[in-house]
Amino acid sequence: MLLKVIAPEDPDLFRRLLEEALEASGVSFALEAVLDRELPGILERPSFRNAVWNAAPLLFAHHREPLEAYLFALESEIARKIFKRLNPDENGCVLFRAGFL
């Protein structure tokens, strides 16, 4: 979720993180062909999402300061996206409703 929020805020950092994750996973992709506005959606692709998931400890170790800064600066935006994902509107698939558990 943090990377989806970082993508529109700092596309250069997002690209560096994704390139590093893809490289660590042995996946080749021309990220320079992806427009900045399309970056957040790229994590919907399973190969990219898995690469980032698997490389998360490495990414955090190499980029701890900027990731922590964004985590604290964008905390409410991240919380809003998580809440929205867990509590979709009436047209979405209900995964969890507040107070259910």
Side-chain angles (χ1 to χ4, degrees):
M1 193 60 66
L2 176 60
L3 292 184
K4 283 187 177 185
V5 176
I6 288 175
E9 295 289 324
D10 192 341
D12 293 332
L13 175 60
F14 180 84
R15 286 177 193 280
R16 284 195 312 271
L17 293 169
L18 192 52
E19 285 171 356
E20 195 171 324
L22 293 173
E23 184 180 312
S25 297
V27 177
S28 178
F29 186 80
L31 278 176
E32 63 275 357
V34 179
L35 300 174
D36 286 354
R37 70 176 183 271
E38 296 171 351
L39 286 174
I42 205 165
L43 292 176
E44 297 303 320
R45 292 177 159 184
S47 59
F48 291 104
R49 192 174 47 246
N50 291 339
V52 169
W53 181 263
N54 293 332
L58 174 73
L59 297 176
F60 197 75
H62 289 173
H63 304 279
R64 183 182 192 106
E65 288 183 25
L67 288 174
E68 282 182 344
Y70 276 115
L71 181 60
F72 293 118
L74 301 171
E75 180 180 8
S76 61
E77 176 68 11
I78 293 166
R80 187 185 65 73
K81 286 188 177 286
I82 291 170
F83 184 81
K84 185 177 179 181
R85 177 170 242 163
L86 296 177
N87 297 286
D89 62 16
E90 63 276 355
N91 297 320
C93 180
V94 177
L95 300 174
F96 171 81
R97 287 279 179 208
F100 180 72
L101 294 176

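Heavy-atom basis, side chains included; hydrogens, waters and symmetry copies ignored. All figures in this text were calculated on a predicted structure; none of them were measured in a lab.
- The two residues A21 and A51 have their closest heavy-atom pair at CB-O, 3.7 Å.
- Residue-environment remark: CD (E19) exceeds the threshold of 12 foreign heavy atoms within 6.0 Å.
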- Task: Evaluate side-chain contact (heavy atoms from CB on, under 4.5 Å) for H62 paired with R16, printing each intermediate quantity in order.
- Result: CA-CA 11 Å; H62 289 173; R16 284 195 312 271; over 6 Å; no
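- Taking 4.5 Å as the limit, some side-chain heavy atom of L18 sits within range of a side-chain heavy atom of F48.
- Contact of the F29 side chain with the I42 side chain is registered, since non-hydrogen atoms from C-beta on lie closer than 4.5 Å.
- Within 6.0 Å of CD in E75 there are 12 or fewer heavy atoms belonging to other residues, nucleotides or ligands.
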- Start with the C-alpha distance between L67 and L17, add both sets of side-chain angles, then the distance that settles side-chain contact (heavy atoms from CB on, under 4.5 Å), and finish with yes or no. CA-CA 10 Å; L67 288 174; L17 293 169; 3.8 Å; yes
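- Residue L59 is not grouped with residue W53 when hydrophobic side chains (ILVMFWY) are merged at heavy-atom distances under 4.5 angstrom, including chains of intermediate members.
- The minimum heavy-atom distance linking R15 with D36 is given by the pair NH2-OD1, 2.7 Å.
- Side-chain contact between F14 and L43: present, with at least one pair of heavy atoms (C-beta onward) separated by less than 4.5 Å.
- Nearest heavy-atom pair across E20 and H63 is OE1-NE2, 2.8 Å.
- Around CD of E38, the count of heavy atoms belonging to other residues, nucleotides or ligands within 6.0 Å exceeds 12.
- Under the 4.5 Å side-chain heavy-atom criterion for grouping Ile, Leu, Val, Met, Phe, Trp and Tyr, I6 is connected to L71 within one hydrophobic cluster.
- A donor-acceptor contact shorter than 3.5 Å links the side chain of N54 to the backbone of N50.
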